[in-house]
Amino acid sequence: MSRTPRNKSSLPGVVFLDKLMQYEGIKKVEAFLEIASEAYKDPEKHEWMTTIMPHLSIVSHSSSPPHPNIVFRFDVQPVHSNGLGNLHGGCAATIFDACTTLPLHLISKPGFWQYTGVSRTLNVTYLRPIPVGTAVNIKCEVLHAGRSLCALRGEMRAAAKDGRDGPLLAVCEHGKASTDPPAEKL
């Protein structure tokens with residue numbers, strides 16, 4: 001099977017990330033969620049994440065070391081479910097993949113995680129079923145970010161009506177490799 005060579009600068013993901021370069025920190029994450037949610041409205045732009053992003057919001061964040069983090073809220077919809085009416089495991093893994101990546105924007109700069117890399121490992125442990133209609137808080141943090149590799153962690157908990165975290169539902173360990181071009185020398 002042969003592949004047609006493509007100009008990387010025209011790939012949808014690169015174009016999308018380039019749009020975010022004008023933002024920094026949590027503003028970049030907010031812009032990411034807004035742009036991705038807008039794509040949901042255009043059937044021509046539908047892809048794997050378009051049914052997830054409109055139901056994802058930021059609850060809180062901290063850019064402070066040692067572990068910058070973002071807490072997201074996600075409302076489980078019927079489209080995200082398996083045949084038993086619970087959040088599908090593959091959908092949960094996709095949510096963790098995206099959400100654990102986004103805190104990298106809190107520490108990124110040119111040549112250092114500006115394109116948020118590619119996944120090397122994604123290990124999800126499912127602890128309890130998550131029924132359709134459940135609101136969950138997803139705490140995602142950067143454990144370590146080096147020049148070429150990073151370690152990220154996520155926890156999915158039921159969101160109680162009073163705003164507190166409920167029981168732990170799923171956990172994730174996510175390893176990524178940087179795809180950034182070298183930063184220009186000053």
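Any value given below was found using the heavy atoms of this structure, including those in side chains, with hydrogens, waters and symmetry copies removed.
Residues I107 and V71 fall into different hydrophobic clusters, defined by Ile, Leu, Val, Met, Phe, Trp and Tyr side chains chained together at heavy-atom separations under 4.5 Å. Under a hydrophobic clustering in which Ile, Leu, Val, Met, Phe, Trp and Tyr are joined whenever their side-chain heavy atoms come within less than 4.5 Å, directly or via other members, V136 and L122 fall into the same cluster. If you chain together hydrophobic residues whose side chains sit under 4.5 Å apart, L102 and M21 fall into the same group. Linking Ile, Leu, Val, Met, Phe, Trp and Tyr residues whenever their side-chain heavy atoms come within less than 4.5 Å leaves V59 and I70 in two separate clusters.
The two atoms that bring F96 and A170 nearest to each other are CZ-O, 3.6 Å, heavy atoms only. A158 and L169 make their closest contact through N-CD1, 3.4 Å (heavy atoms, listed as atom of the first residue, atom of the second, distance). Scanning all heavy atoms of the two residues, the minimum distance from D75 to A135 falls at OD1-CB, 3.3 Å. The heavy-atom pair separating C172 from T100 by the smallest distance is SG-CG2, 4.3 Å. Summarising the geometry of G25 relative to L106, their closest heavy-atom pair is C-CD2, 3.9 Å, with the distance given to 0.1 Å. Considering all non-hydrogen atoms of both residues, K28 and L20 come closest at CE-O, 3.4 Å.
Between D97 and S119 there is a side-chain heavy-atom pair separated by less than 4.5 Å. Under the 4.5 Å side-chain criterion, counting only non-hydrogen atoms from C-beta, I58 is in contact with L33. When side chains are defined from C-beta on, C91 counts as touching I52, because their heavy atoms get closer than 4.5 Å.
The side chain to side chain donor-acceptor pair (under 3.5 Å) check on T94 picks up W48, with sequence neighbours excluded. Under the side chain to side chain donor-acceptor pair (under 3.5 Å) criterion, E38 pairs with K41, not counting sequence neighbours. With sequence neighbours excluded, the residues that form a salt bridge (Lys or Arg N to Asp or Glu O under 4.0 Å) with E30 are K27.
Remark: L152 CG to H174 NE2 distance equals 6.0 Å, nearest 0.5 Å. Once rounded to the nearest 0.5 Å, the distance linking OG of S60 with CG of N69 reads 6.5 Å. Atom-to-atom distance recorded for Y115:OH and T179:OG1 is 8.5 Å, nearest 0.5 angstrom.
The side chain to side chain donor-acceptor pair (under 3.5 Å) pairs that include a residue from residues 150-172 are N137-D165, E141-R153, E155-R157, D162-R164, where partners are two or more places apart or lie in different chains.
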Apply side chain to side chain contact (heavy atoms under 4.5 Å, CB included) to I138 and L56, showing your working. CA-CA 10 Å; I138 308 160; L56 193 61; 4.3 Å; yes
Show the numbers, then the answer: is there a side chain to side chain contact (heavy atoms under 4.5 Å, CB included) between F72 and S57? CA-CA 5 Å; F72 298 94; S57 60; over 6 Å; no
Passes side chain to side chain contact (heavy atoms under 4.5 Å, CB included), H61 versus V29? Steps please. CA-CA 10 Å; H61 78 282; V29 178; over 6 Å; no
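K176 places a side-chain N or O within 3.5 Å of a backbone atom of T116 that can act as its donor or acceptor partner. Between the side chain of W113 and the backbone N or O of L149, no donor-acceptor pair lies under 3.5 Å. Although no hydrogens or angles enter the test, the distance criterion places no donor-acceptor pair under 3.5 Å between the side chain of S62 and the main chain of P68.
Under the 4.5 angstrom side-chain criterion for Ile, Leu, Val, Met, Phe, Trp and Tyr, the cluster partners of L168 are L127, V171.
The 12-atom threshold is not exceeded at NZ of K139, counting heavy atoms of other residues, nucleotides or ligands nearer than 6.0 Å. Taking a 6.0 Å sphere around CZ of F112, one finds it holds more than 12 heavy atoms contributed by other residues, nucleotides or ligands.
Ring orientation note: the planes of F74 and H55 are nearly perpendicular, at an angle over 60° on the 30°/60° scale.
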Return all side-chain donor-acceptor pairs below 3.5 angstrom for residues 79-90, not counting sequence neighbours, or 'none' if the list is empty.
residue : atom : partner : partner atom : Å
H80     : ND1  : Q77     : N            : 3.0
H80     : NE2  : T51     : O            : 2.7
S81     : OG   : P78     : O            : 2.7
N82     : OD1  : L84     : N            : 2.8
N82     : OD1  : G85     : N            : 3.2
N82     : OD1  : N86     : N            : 3.1
H88     : ND1  : G90     : N            : 2.8

